A.B. asks: 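Before I ask anything, here is the structure I am working with.
Model, not experiment: these values are computed from the prediction. The analysis underlying the following values was restricted to heavy atoms, covering all of them including side chains, and did not include hydrogens, waters or symmetry mates.
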Amino acid sequence: MKYTELSIGNLVYYNGNAIKVESITKRKVGYHLKPNESCMHYARMCEILPIPITEEVLKKYGFKEMFGRGCDSYEINLYNYHRIEVVMDENIIDAHIRYGGWNCHLRTIKYLHELQNIVSAITNQQLNIQL
């Protein structure tokens, strides 16, 4: 992964475990092993792996399955009637924002940190994600 793809609060894999990025440099990310821990741990950027978006991941983080769309579609309601929809069709995963009757394709994504960054950019809030 490249450090430019990450934001504070993103979830990524390190040594087979999900960690929350709490600091970022060109060569490493900082994280805590436990909440409210004072000691920061570091992982080299080359050891960090993205978390692929799957049905399980979406459901775990509050997305609800939408039926009758002809493909796998999951949606989360955010504030002020904004909804983020993730459409999974074979090997393609697309993110859309919906506001009322308006629907806009944002981009094709593969990983959880990309979805987290989209939500943060649109709403100025983080997805409610638990490790």
Side-chain angles (χ1 to χ4, degrees):
M1 291 188 68
K2 297 178 182 177
Y3 75 96
T4 55
E5 299 173 15
L6 295 176
S7 297
I8 302 298
N10 284 161
L11 290 183
V12 293
Y13 283 137
Y14 173 62
N15 283 341
N17 298 308
I19 62 168
K20 184 176 183 177
V21 174
E22 303 210 19
S23 71
I24 306 167
T25 69
K26 288 183 179 183
R27 293 192 177 106
K28 59 187 175 183
V29 298
Y31 65 97
H32 290 106
L33 289 174
K34 299 176 186 171
N36 301 321
E37 180 183 41
S38 61
C39 180
M40 182 80 73
H41 300 269
Y42 294 93
R44 294 185 310 176
M45 197 61 69
C46 63
E47 298 172 321
I48 299 298
L49 296 173
I51 298 174
I53 292 178
T54 63
E55 176 182 4
E56 179 184 349
V57 165
L58 291 172
K59 286 182 176 180
K60 183 176 181 180
Y61 300 124
F63 282 76
K64 305 291 183 206
E65 189 169 4
M66 305 300 293
F67 297 100
R69 307 252 184 183
C71 57
D72 293 333
S73 180
Y74 301 87
E75 184 176 270
I76 191 167
N77 289 318
L78 303 170
Y79 76 103
N80 292 338
Y81 305 104
H82 285 86
R83 296 183 302 234
I84 300 291
E85 181 180 13
V86 176
V87 179
M88 302 172 74
D89 191 11
E90 294 186 22
N91 293 330
I92 298 173
I93 303 171
D94 287 318
H96 299 256
I97 184 167
R98 294 173 32 149
Y99 184 79
W102 178 74
N103 185 10
C104 178
H105 177 260
L106 297 171
R107 64 179 278 211
T108 300
I109 57 176
K110 288 184 177 182
Y111 304 111
L112 181 59
H113 71 276
E114 294 172 314
L115 181 58
Q116 288 179 282
N117 292 343
I118 287 171
V119 170
S120 177
I122 291 170
T123 67
N124 203 25
Q125 297 177 2
Q126 298 287 326
L127 278 176
N128 185 19
I129 294 179
Q130 305 294 321
L131 291 178

A.B. asks: Is the CD1 atom of Ile92 crowded by more than 12 outside heavy atoms at less than 6.0 Å?
C.D. replies: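 Open: at most 12 neighbouring heavy atoms sit under 6.0 Å from CD1 of Ile92.
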
A.B. asks: CD of Glu85 to OH of Tyr74: how many Å apart, nearest 0.5 Å?
C.D. replies: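 Here the interatomic distance stands at 11.5 Å.
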
A.B. asks: Is Tyr111 linked to Ile84 within one hydrophobic cluster, defined over Ile, Leu, Val, Met, Phe, Trp and Tyr using a side-chain heavy-atom separation of less than 4.5 Å?
C.D. replies: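 No, Tyr111 and Ile84 fall in different hydrophobic clusters.
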
A.B. asks: Begin from the C-alpha positions of Tyr61 and Leu115 and carry the test side chain to side chain contact (heavy atoms under 4.5 Å, CB included) through to its verdict.
C.D. replies: CA-CA 11 Å; Tyr61 300 124; Leu115 181 58; over 6 Å; no

A.B. asks: Where is the tightest heavy-atom contact between Gln116 and Asn10, given as atom of each residue plus distance?
C.D. replies: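 Taking Gln116 first and Asn10 second, the nearest heavy atoms are OE1-CA, 3.3 Å.
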
A.B. asks: Under 3.5 Å, is there a donor-acceptor pair between the side chain of Asp94 and the main chain of His105?
C.D. replies: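 Answer holds: no.
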
A.B. asks: Distance check, rounded to the nearest 0.5 Å: Glu65 atom CD versus Glu75 atom CD?
C.D. replies: 12.0 Å

A.B. asks: Nearest heavy-atom pair of Ser73 and Val87: which atoms, and what distance?
C.D. replies: OG-CG2, 4.2 Å

A.B. asks: Please give me the minimum heavy-atom distance between His96 and Leu106, naming the atom from each residue.
C.D. replies: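 The pair with the smallest heavy-atom distance is C-CD1, 4.0 Å.
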
A.B. asks: Asp72 versus Glu55: any side-chain heavy-atom pair under 4.5 Å?
C.D. replies: no

A.B. asks: Are Met40 and Val21 connected into the same hydrophobic cluster when the rule is that any two of I, L, V, M, F, W, Y join if their side-chain heavy atoms are below 4.5 Å apart?
C.D. replies: no

A.B. asks: Minimum heavy-atom separation for Lys20 to Tyr31, with atom names?
C.D. replies: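 Shortest heavy-atom contact: O-CB, 3.4 Å.
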
A.B. asks: Which pairs count as salt bridge (charged side-chain N to carboxylate O under 4.0 Å, His left out) when at least one residue sits in residues 116-126, sequence neighbours excluded?
C.D. replies: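 Found none.
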
A.B. asks: Under 3.5 Å, sequence neighbours excluded: what are the donor-acceptor pairs made by side chains of residues 41-51?
C.D. replies:
| unit_1 | atom_1 | unit_2 | atom_2 | d |
| --- | --- | --- | --- | --- |
| His41 | NE2 | Glu37 | OE2 | 3.4 |
| Arg44 | NH2 | Glu47 | OE2 | 3.3 |
| Glu47 | OE1 | Arg44 | N | 3.2 |

A.B. asks: Determine the minimum heavy-atom distance between Ile53 and Leu112, stating which atoms define it.
C.D. replies: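 Of all heavy-atom pairs spanning Ile53 and Leu112, the closest is CG1-N, 3.6 Å.
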
A.B. asks: Which pair of non-hydrogen atoms, one from Ala95 and one from Ile118, has the smallest distance, and what is that distance?
C.D. replies: CB-CD1, 4.0 Å

